[in-house]
Amino acid sequence: QVQLVESGGGLVQAGGSLRLSCAASGRTLSWYTMGWFRQAPGKEREFVAAINWSRGSTSYAASLKGRLTISRDNAKNTVYLQMNSLKPEDTAVYYCAAGTSYSTIEADYAYWGQGTQVTVSS
């Protein structure tokens with residue numbers, strides 16, 4: 001089985017920072033991309049960032065670029081999302097995902113974590 005477990009969410013003040021982690025376990029040899037998505041109440045799930053597992057190439061949502069960094073630790077099978085200068089509109093459930101292709105499209109990811117809540121207060 002493949003399992004993804006997010007951690008690091010919580011309550012933070014506007015302008016603050018959070019570092020989300022996603023630990024992967026199980027059969028991961030075929031994975032090509034790990035990504036982060038988020039979903040706010042009443043809104044559709046949207047792409048946040050992705051990283052190519054082998055090369056480390058990264059992609060970011062245009063609206064978020066410059067405020068976050070995605071990275072990975074191959075030895076730990078873990079992907080991180082460092083978020084800075086957080087705004088109340090960043091409040092959402094953040095999900096990590098894994099897929100076999102490098103993509104920003106939700107449908108291209110086969111495995112999903114349970115999500116971690118990020119709440120940014122003003």
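No hydrogens, no waters, no symmetry mates; every other heavy atom, side chains included, goes into these values. Predicted, not measured: the structure shown is a model, and the values here were computed from it.
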Taking CD in Q117 as the centre, count heavy atoms belonging to other residues, nucleotides or ligands within less than 6.0 Å. Is the count above 12? yes

Do M83 and L20 come within less than 4.5 Å of each other through their side chains, counting heavy atoms only? yes

Below 4.5 Å, heavy atoms only, C-beta onward: do V5 and C22 meet side chain to side chain? no

How long is the straight-line distance from [atom2] of [Y] back to [atom1] of [X], given to the nearest 0.5 Å?
X   : Y    : atom1 : atom2 : answer
Q3  : S25  : CD    : OG    : 4.5 Å
S85 : L64  : OG    : CG    : 11.5 Å
R45 : E106 : CZ    : CD    : 5.0 Å
L81 : L68  : CG    : CG    : 5.5 Å

Contacts of type side chain to side chain contact (heavy atoms under 4.5 Å, CB included), residue N52, not counting sequence neighbours: Y32, S54, R55, S57, Y102

Taken in chain and number order and not counting sequence neighbours, the residues that satisfy side chain to side chain contact (heavy atoms under 4.5 Å, CB included) with V12 are L18, L86, V120

Before giving the answer on side chain to side chain contact (heavy atoms under 4.5 Å, CB included), spell out for D90 and R67 the whole-Å C-alpha distance, their side-chain angles and the decisive distance to 0.1 Å. CA-CA 11 Å; D90 294 321; R67 295 199 293 121; 2.9 Å; yes

Y60-W53 co-clustered via ILVMFWY side chain contacts under 4.5 Å: yes

If hydrophobic clusters are built by linking Ile, Leu, Val, Met, Phe, Trp and Tyr wherever their side-chain heavy atoms come under 4.5 Å apart, do W36 and F47 end up in the same one? no

Mark yes or no: R72 above the aromatic ring of Y80, with NZ or CZ under 6.0 Å from the six-membered ring centre and no more than 45 degrees from the axis. no

Going by salt bridge (charged side-chain N to carboxylate O under 4.0 Å, His left out), name the residues that satisfy it together with E46, two or more places apart in sequence or in a different chain. R38

Go through it in stages, so that I can follow the logic: the residues are E6 and S21, the test is side chain to side chain contact (heavy atoms under 4.5 Å, CB included), and I'd like the CA-CA distance, side-chain angles, deciding distance and then a yes or no. CA-CA 6 Å; E6 302 97 334; S21 299; over 6 Å; no

To check you understand the geometry: which heavy-atom pair defines the closest contact between A14 and S122, and what is its length? CB-CA, 4.3 Å

Between V79 and S71, which heavy-atom pair has the shortest distance, and what is it? CG2-O, 3.1 Å

Kindly indicate, with the supporting measurements, whether the criterion side chain to side chain contact (heavy atoms under 4.5 Å, CB included) is fulfilled by M34 and L4. CA-CA 10 Å; M34 293 189 71; L4 303 175; 4.1 Å; yes

Are the side chain of T33 and the backbone of S101 linked by a donor-acceptor contact shorter than 3.5 Å? yes

Which class fits the ring pair F37 and Y109: parallel under 30°, tilted 30 to 60°, perpendicular over 60°? perpendicular

